[in-house]
> 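Have a look at the structure that comes next, please.
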Amino acid sequence: MKIKDLHSWNVGRSEAIEIQRLLRENILIKENPIRPSLVAGVDLSFPDKNIGLAVVTVLNFPELELMQYSYHVGIIERPYIPGLLSFREGPVIIEALKNTPEVDLVFFDGHGTAHPRGLGIASHIGLFLEVPTIGVAKKLLYGKCDLPGNSRGDISPILSPAGELIGYSLRTKPKVKPVYVSPGNGLSMKQALEFSLKATGIYRLPEPTRQAHILSQKLKGQLNL
DNA sequence: GCGACAG
DNA sequence: ATCTTGTCGC
């Protein structure tokens, strides 16, 4: 897909935080009249401590059948620091996305706006793309929220310390730990929830990222290291 | 200073 | 994320 080049990834901790503060101003969370027919999911595995294997799946929507996938293996330059995940995984993800055909929506493993500076990995990478992005995380990083009801589709708002709505906890599978959904860029909070639920089948995680995770693990195993 | 902390 | 098999419970 078409990728923009907004800034260098080779930056230190404080500069990375400054970049996040600047980029957050470009995030647009607003209703978008999209009718996605192709959606993508991104996930990574680590064949070695500093080697990352990013996989991008492409599924038709709303059928959710795997159409194809692309991947990229690259060197991981930075450690994992809560709040700076995109600087660690971004470079490899961007390369994998370059090998991916155009899609209408992209799902990420991690948060979007539900982030200390409103720029989780789904938002950050979303700014490099020309299509909407959504972040679906397995754990909360920032803010607080109660547990949603026990039925599929039940939700509970994620509130920042200031009381702003930054995402939702969503029960995608009955009586199974909820996931945390927040828009990355280019669509509304409500749409992020809507598409996340529609992209989820009988499992806890949305099918696009679930398939990417499975493939990433499988490819890692086939890679002889 | 203490606790929290995506993948 | 990663090191790792079986096993308890709905």
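Chain identifiers are assigned alphabetically (A, B, ...) following the order of the sequence lines, protein sequences preceding nucleic acid strands; residue numbering begins at 1 within each chain.
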> Just the table, please: protein N/O against nucleotides 8-10 of chain C N/O, every pair under 3.5 Å.
none

> Rounded to the Å, how far apart are A:R117 CZ and B:dA6 C1'?
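Atom-to-atom, A:R117 to B:dA6, this comes out as 12 Å.
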> Separation of A:L85 atom CG from B:dA6 atom P, in whole Å?
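Value for this atom pair: 9 Å.
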> Take the protein atom NE2 of A:H115 and the nucleotide atom P of B:dA6, then report the distance between them rounded to whole Å.
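That distance rounds to 11 Å.
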> What are the residues of residues 205-222 of chain A, sorted by number, that bring a heavy atom to within less than 4.0 Å of DNA chain C?
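A:H213, A:Q217, A:K220, in order of number.
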> State, with a plain yes or no, whether a side-chain heavy atom of A:Y69 is found less than 4.5 Å away from one of A:L219.
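Yes, at least one pair of side-chain atoms sits under 4.5 Å.
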> Looking at residues 42-49 of chain A, who's got a heavy atom less than 4.0 Å off DNA chain C?
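Under 4.0 Å from DNA chain C: A:S45, A:F46.
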> For A:I81, what residues pass the side chain to side chain contact (heavy atoms under 4.5 Å, CB included) criterion, not counting sequence neighbours?
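Here the qualifying residues are A:R13, A:P79, A:L84.
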> Which side chain to side chain donor-acceptor pair (under 3.5 Å) pairs, counting each pair once, include a residue from residues 89-101 of chain A, with sequence neighbours left out?
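Of all non-adjacent pairs touching residues 89-101 of chain A, those that pass side chain to side chain donor-acceptor pair (under 3.5 Å) are A:S70-A:T100, A:E95-A:K98.
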> Could you list the residues that satisfy side chain to side chain donor-acceptor pair (under 3.5 Å) with A:Q68, not counting sequence neighbours?
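A:Q68: no side chain to side chain donor-acceptor pair (under 3.5 Å) contacts found.
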> For A:L205, enumerate each residue passing the side chain to side chain contact (heavy atoms under 4.5 Å, CB included) test, keeping only those at least two apart in sequence or located in another chain.
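Expected list: A:K138, A:V179, A:R210.
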> How would you list, by chain and number, every residue that makes a side chain to side chain contact (heavy atoms under 4.5 Å, CB included) with A:I29, sequence neighbours excluded?
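Residues passing side chain to side chain contact (heavy atoms under 4.5 Å, CB included) with A:I29: A:I27, A:T113, A:P183.
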> Tell me which pairs pass side chain to side chain donor-acceptor pair (under 3.5 Å) where either residue lies in residues 193-205 of chain A, with sequence neighbours left out.
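Of all non-adjacent pairs touching residues 193-205 of chain A, those that pass side chain to side chain donor-acceptor pair (under 3.5 Å) are A:E194-A:K198.
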> Test of understanding: with side chain to side chain contact (heavy atoms under 4.5 Å, CB included), list the residues that count as partners of A:N150, not counting sequence neighbours.
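For A:N150, the residues satisfying side chain to side chain contact (heavy atoms under 4.5 Å, CB included) (neighbours in sequence not counted) are A:R171, A:K175.
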> Any chance you could encode DNA chain C as dot-bracket? Rule is Watson-Crick or G-U wobble with both distances under 3.5 Å; [ ] for pairs crossing earlier ones, | for another strand.
..........
> Which pairs pass side chain to side chain donor-acceptor pair (under 3.5 Å) with one or both residues in residues 33-59 of chain A, sequence neighbours excluded?
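Sorted pair list: A:S37-A:D104, A:S45-A:S216.
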